[in-house]
Amino acid sequence: MRNFAGRTALVTGAAKGQGRSHAIALAQRGADVVLVDIAEQIPCASRMATPAELDETARMVESLGASCLTLKADTRSPEQMRDVVAATVDRFGRVDVLLANAGIAAFGPVRTMADDVWRDVVDVNLGGVAASIRAVAPVMAAQRSGRIVATASSVGREGGPNNANYAASKWGVIGLVKSVAIELAPYGVTVNAFSPMSVSTDMCHNDLTYGLFRPDLEAPTTDDVRATFATLNPMAVPWIEVGDATEAVLFLASDEARYITGTALDVAGGWNAFHSA
């Protein structure tokens, strides 16, 4: 297993889903972990985490013997993210890994999409990632070391109907990562994106997403949408598990990836083979 002993990792969107999986895996590998989540509902397709789930993630991390700092914060706020980083440095002295994982989805035709639906998705998925990176970058530059991994998406390299806000936000993450990677390379800091296909979390498994994939059915179930999801990639995998996502993210955050920067790592069953770049 990759070793993160003696390192401090900050994970956004940590209360459940991919973020919880990442945090637990880092704790298992020796890291001190800072858990960040808004822990309240923003209007979107899926149910967001609760304060109780954030506390449960902290309990799971601490049960593994890791030191843990839990902070309720909105990644959209640069001020709050600077406070998160300041609290992390105050507690642990440094920040070695940032997993900018927090994200939401909401759907609709761009011609009729409500302004707040557009704004919230772009503000969380791109603005929140940018605020998180901008908050941690001065600390990592001063340390002359660090790993930043931002969650993008396979959708970030292609268009799709009813998904313009999400696609734009994730495409923006890839451009952000490539730009910041150039800026921080002289300081020994790597900056990469993780670009998965659908991941088996609440963002994938919810009524609105199921309805988008099977508009012909009144109340589609998981079994109803499985085959449709599987048509998106040549391996015919409907979605990956959170553990698959975590393995990819930990690789990008590890010493083994020390010369990988400015890239977007696809874990997508070959969906990425359809992309032009």
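Hydrogens, waters and symmetry mates are skipped; everything else that's a heavy atom, side chains included, is used. Worth saying up front: this structure is predicted, and the values here are computed from it rather than measured.
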Over all heavy atoms of both residues, which pair between [X] and [Y] is shortest? Give the atoms and the distance, please.
X	Y	result
S195	S154	O-OG, 3.9 Å
L232	F274	O-CE1, 3.7 Å
A253	V97	CB-CG1, 4.0 Å
G17	V242	C-CG1, 4.2 Å
R144	P186	NH2-O, 3.0 Å

Atom pair [atom1]/[atom2] of [X] and [Y] - distance to nearest 0.5 Å:
X	Y	atom1	atom2	answer
T221	D207	OG1	CG	10.5 Å
M203	I104	CE	CD1	7.5 Å
R20	L35	CZ	CG	9.5 Å
T8	D96	OG1	CG	5.5 Å
D32	L10	CG	CG	12.0 Å
S153	D266	OG	CG	9.5 Å

Set of side-chain contact (heavy atoms from CB on, under 4.5 Å) partners for [X], sequence neighbours left out:
X	answer
V237	M197, N233, M235
L217	R214, P220, D224
R82	P78, E79, A135
A257	F251, S254, I260

Looking only at atom types and distance, does a side-chain atom of [X] sit under 3.5 Å from a main-chain N or O of [Y], one as donor and one as acceptor?
X	Y	result
N192	G262	yes
T246	G243	no
Q41	S46	yes
E53	A15	no

Those residues that, when tested against [X], pass salt bridge (Lys or Arg N to Asp or Glu O under 4.0 Å) (two or more places apart):
X	result
E241	none
R59	E56
E183	none
D223	R226

Do [X] and [Y] have side chains that get closer than 4.5 Å, going by heavy atoms?
X	Y	value
D116	P43	no
M48	E40	no
M140	R147	no

*May I have all residue pairs that pass ring-ring contact (aromatic ring centres under 6.0 Å, His included) and include part of residues 73-122, sequence neighbours excluded?*
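Applying ring-ring contact (aromatic ring centres under 6.0 Å, His included) to every pair that reaches into residues 73-122, excluding sequence neighbours, yields nothing.
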*asked:* Does anything in residues 47-76 form a ring-ring contact (aromatic ring centres under 6.0 Å, His included)? List the pairs, not counting sequence neighbours.
replied: none
*Side-chain donor-acceptor pair present, Y259, T190, cut-off under 3.5 Å*: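 There is no such pair (donor and acceptor under 3.5 Å, judged by atom type) between the side chains of Y259 and T190.
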*Regarding T12 and T75, is there a side-chain donor-to-acceptor distance under 3.5 Å anywhere?*
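T12 vs T75: no donor-acceptor pair found between side chains.
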*Are V34 and V89 in one and the same hydrophobic cluster, where Ile, Leu, Val, Met, Phe, Trp and Tyr link if side-chain heavy atoms are under 4.5 Å apart?*
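The answer is yes; both residues are in one hydrophobic cluster.
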*Sort and list the pairs that fulfil side chain to side chain donor-acceptor pair (under 3.5 Å) and have at least one residue in residues 164-179, not counting sequence neighbours.*
N125-S169
*Counting only heavy atoms not in D115, do more than 12 fall under 6.0 Å of its CG?*
no
*Is any NZ, NE, NH1 or NH2 atom of the basic residue among R29 and E247 found under 4.0 Å from an Asp or Glu carboxylate oxygen of the other?*
yes
*Passing option when K16 is tested against T50, D202, T201 for side chain to side chain donor-acceptor pair (under 3.5 Å)*: D202
*Considering residues at least two apart in sequence or located in another chain, which fulfil the ring pair (Phe, Tyr, Trp, His ring centres under 6.0 Å) criterion with F229?*
F213, W239
*Take Y210 and H205, measure what side-chain contact (heavy atoms from CB on, under 4.5 Å) needs, and give me the verdict at the end.*
CA-CA 7 Å; Y210 285 4; H205 301 297; 2.6 Å; yes
